[in-house]
Structure formats: structure tokens, C-alpha cells
Participant: 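The structure is given below, and queries will be raised subsequently.
Keep in mind the model is a prediction, meaning the values are calculated, not measured. Counting starts at 1 for both ligands and their atoms, following the listed order.
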Amino acid sequence: MYAYTSSKSLFERAQQSIPGGVNSPVRAFKSVGGTPVFVAKAKGAYLYDEDGQKYIDYIASWGPMILGHAYQPVISAIQKKAEDSTSFGAPTLLEIEMAELIKSMAPNVDLIRMVNSGTEACMSAIRLARGYTGRNKFIKFEGCYHGHADMFLVKAGSGLATFNIQTVPGVTAGNAQDTLTAPYNDLAAVAQLVAEHKDEVAAIIIEPVAGNMGCILPQEGFIEGLRALCTREGILLIFDEVMTGFRMAPGGAQEVLGVDADLVCYGKVIGAGMPVGAFGGKKAIMEHIAPLGNVYQAGTLSGNPLAMAAGIALLKELQARPETYKELEEKTLYLRDGLNKVLSASGLDYVINQKGSMISVHFSAHPVTDFATAAAADTAFFNRFFHEMLQRGIYLPPSAFESWFLNNALSYADLDETIAAAQSSLAAILGK
Ligand SMILES: *Cc1c(COP(=O)(O)O)cnc(C)c1O
């Protein structure tokens, strides 16, 4: 039995000085209940908590640790660079290297601007789309998360779905009224919104493979349909690849789906665990960003040398070994097949969605294709499953509305252990 003695006392202490004891809501375990695990360190595929207990990690810091924790080339790059000071607020060679590296990996990126988070990347891309098109409204999808900027906190999946937050106090009606929403995978609904708001829509922003309502795949023709609609109506198509960028493939979801975006947002993997985001796209659009144009966007620590050194080290490894993506997918399929066996034997209704190294389990009798179907699944059962898995040393995301992320440090023995843990977790819950 895992005990969380240190985590419990640290959580008590944290709550005295940090709201809810955490610096990002999903970490609080509020929806699954219990005490959040305080992490002391991690190496490869494993997390170690403050009680010295080991876990197989399926969060990977929500994506960045795609090659495992404390990956040596990344750690060395940070250590080496730190000797040269931690920030200058002036241009560096590293920023050019990062931009060139991204351009060599991702399609449709002529110019790229570094920021400090995925949130910043998405909010800046929307500002740019509005500045470029001279239109105010944009369309997002129910259950897609694009960071915590005001205009995105409308039907925003992820933590908001976890906590059942419908409207966010502090977001003005004025801000929310320019955010139009449609169900994921519903092209007709999008076409109708565009028709109702003719020449008012600046952009459609989407997670091309959604990961903030569990993992949800775009159906055949959906993304292609959005692309055609955007081209016809002069709307910019923004891919929020904060999760999928450099995870689905070197060129992200654009490469895997074979659809071109006008603007792309990155985060997570791009910083190898440092606070980094980026947005980029075609020259004709990106030229509107200051100092070239007058769409203002800035950041004191943007392009920070330690963050660039870490990100470059990781991206170079991914570029040098494209077979990484095949290995990751094979491991994910192995996990999927193992979970399928165990879950079907249990007699439970369930759905496994998977794409590349993203996977999630919904306890549902129906296909999970959008937020409504994800929300209709048995999240209470997921929460029990989560805790049983945690007790067996398997660290899943603490919410049914989050994708699991595999990292390539996972061994097949780790996957076998995870599948066995799922079997005994289900047996424990079902009393078999
Ligand atoms: C995590 C995430 C963001 C926000 O990134 P932060 O670095 O947390 O600000 C935006 N979009 C998607 C798709 C994400 O998964």
C-alpha cells in the first residue's frame, strides 16, 4: 500500500500560502479526490514522490518529457548555458538556432516568435489573426483548451471541465461575446456560425488532435473541411499544436494529418520542460507582428537562453532519430491492446481513443468524439480507477478530461506492469 504521509503534510502546508496548495488547478486532485502527490524528482519514465515511492509516469509533465525525465543532453545543455548567465534581454544566437530548427521540422512556418507558455502563444496568435484580418470574432471548439487567456475560457475543456466550471467570473461578457463555439467534429455547425457571422470571423483555432477532453480524434474530412472553409471565407486556420507539436511527428499534426495551417502554436515539448511557447506561420501574416508591423507582442524573458538551450537539445534529438515516433506509437498500441484485453474481460463499457503517443480511456458505451460524449462517460468510475492505479505505482492524469502522454523511456516491462495494474485495479473496484 502506498502511503502519502509526506504529501499529506506538504499539501496541508502548501494550502497555507498557495491557493488550493497548487500553482495550476488540475494538480490539486480535486476531481479525483485525495491528496496530490508531491514529486521530489524524476528520471526516465519514473517519478519519485516525497515519500520515496516510485511511479510509472503517464503525464510526462503534460507532454514535454517525450524522451523521459532528466534526459541527459537536455540537462547538460542547461548546465552548460547557465554558466553564461540566465538572461540578457538582448538577441542571442540560440534564438536563431531555435527558429531555424523549428522551420526545418514544421511545415508552414516562415517566421516564428518565441514566448513563455502555450497560453501566450495562443493569445498572441488570435491577436495577430484579428490584426491581420481586421475582424474581431473567432471560433473555438467545445472542450478544446487554448490556455487561460480571457477569450479562451469559454467551454474550455481540461481543468474547467474537470471542475465543472461553466462560466468564469472575471471574464467580461464583452470578451466572451467574440468567442464563438462549435462542437468538435461538427463541420456543419462551424459552417453555420461562419454564415451567421459573415466577414466577422478572424480565425478558427483548433487542437488538430484534441487532448483536453481526454484524447479525441478528428473524424475523416473534418480538418480538411475547416481548411476549405477558412480558405473560402478569408479566415485564418490556427492549429494549436501545444500538445501535438513535435509529439505526433517532427512536423506535428500538420504533417500527420496532411493539412496546412495558417498559424501554428507550440508549447510543452518545444521547451523540454522549461517555460516556452511559440507561434509562427506564413511570412505575409507574421510580418504584421511588431517590430515589422503594428500588432504588438513582447516578452522580457522570451527566447530565454536556458529555455532555448533545453528546447534545442530536445528537438535536435527528435530530428536526429525520427524512428522515435514509430517506437512511441508501437508502445502506445501495445498499451492500448493490453488495456483492451483487460477492459473487455471486465465487462465494463469503455472506449479507448489513441493517436500517436496520446491515449485515453473513457468509461462509456458510446464513441467519444466531442465534449458532450466525453462528459457523458462515467467519470466517477474513472476517478476510482485513477486511485487504484496510483496505489499500484501508475501515475495517470488526475482527470478523465486529460490525455495520457507516453514517453520513449518507457520499457515494455513498464507497459506490462501498467496493464497488470489495470487488471488488478478493475478487479479491486468490481470486487472480483
Ligand atoms: C497546455 C495547453 C495550452 C496552454 O499551455 P500553457 O503552457 O499551460 O499555458 C494551450 N493549448 C493546448 C492544446 C494545451 O494542451
Participant: Is it the case that the side chains of T324 and E327 hold a donor-acceptor pair, with the cut-off being a distance below 3.5 Å and no angle test?
Facilitator: no
Participant: Might you point out which heavy atoms bring A129 and I238 nearest each other, and give the distance in Å?
Facilitator: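 A129 and I238 have their closest heavy atoms at CB-CD1, 4.2 Å.
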Participant: Is it true that the side chains of T231 and R227 contain a donor and an acceptor less than 3.5 Å apart?
Facilitator: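 Yes, R227 and T231 have a side-chain donor paired with an acceptor closer than 3.5 Å.
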Participant: Specify the protein heavy atom at minimum distance from atom 8 (O) of ligand 1: its residue, its atom name, and the distance to 0.1 Å.
Facilitator: T119 OG1, 4.4 Å
Participant: Among protein heavy atoms, which sits nearest to atom 2 (C) of ligand 1, and what does the distance come to when rounded to 0.1 Å?
Facilitator: K268 NZ, 2.6 Å
Participant: Tell me whether the guanidinium CZ or amine NZ of K54 lies under 6.0 angstrom from the six-membered ring centre of Y48 and within 45° of its axis.
Facilitator: no
Participant: If you look at every heavy atom in R392 and A421, which pair is closest and at what distance?
Facilitator: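 Looks like CD-O, 3.5 Å.
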Participant: Where on E207 is there a heavy atom closer than 4.0 Å to ligand 1, on the side chain, on the backbone, on both, or on neither?
Facilitator: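 The side chain, only.
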Participant: How close does the nearest protein non-hydrogen atom get to atom 7 (O) of ligand 1, and which residue and atom is it?
Facilitator: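 The closest one turns out to be G118 N, 2.9 Å.
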Participant: List every atom of ligand 1 that sits less than 4.0 Å from any heavy atom of M243, numbering the atoms from 1 in the order shown and giving each element.
Facilitator: 15 (O)
Participant: Give the residue and atom name of whichever protein heavy atom lies nearest to atom 11 (N) of ligand 1, and the separation in Å to one decimal.
Facilitator: D240 OD2, 2.6 Å
Participant: Suppose I only count heavy atoms of H146 and a 4.0 Å limit; which atoms of ligand 1 are within that range?
Facilitator: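 With H146 as reference, the close atoms of ligand 1 come out as 10 (C), 11 (N).
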Participant: Could you check whether atom NZ of K326 has more than 12 heavy atoms from other residues, nucleotides or ligands sitting under 6.0 Å from it?
Facilitator: no
Participant: Using a strict 4.0 Å cut-off to heavy atoms of S117, name the atoms of ligand 1 that fall inside it.
Facilitator: 7 (O), 9 (O)
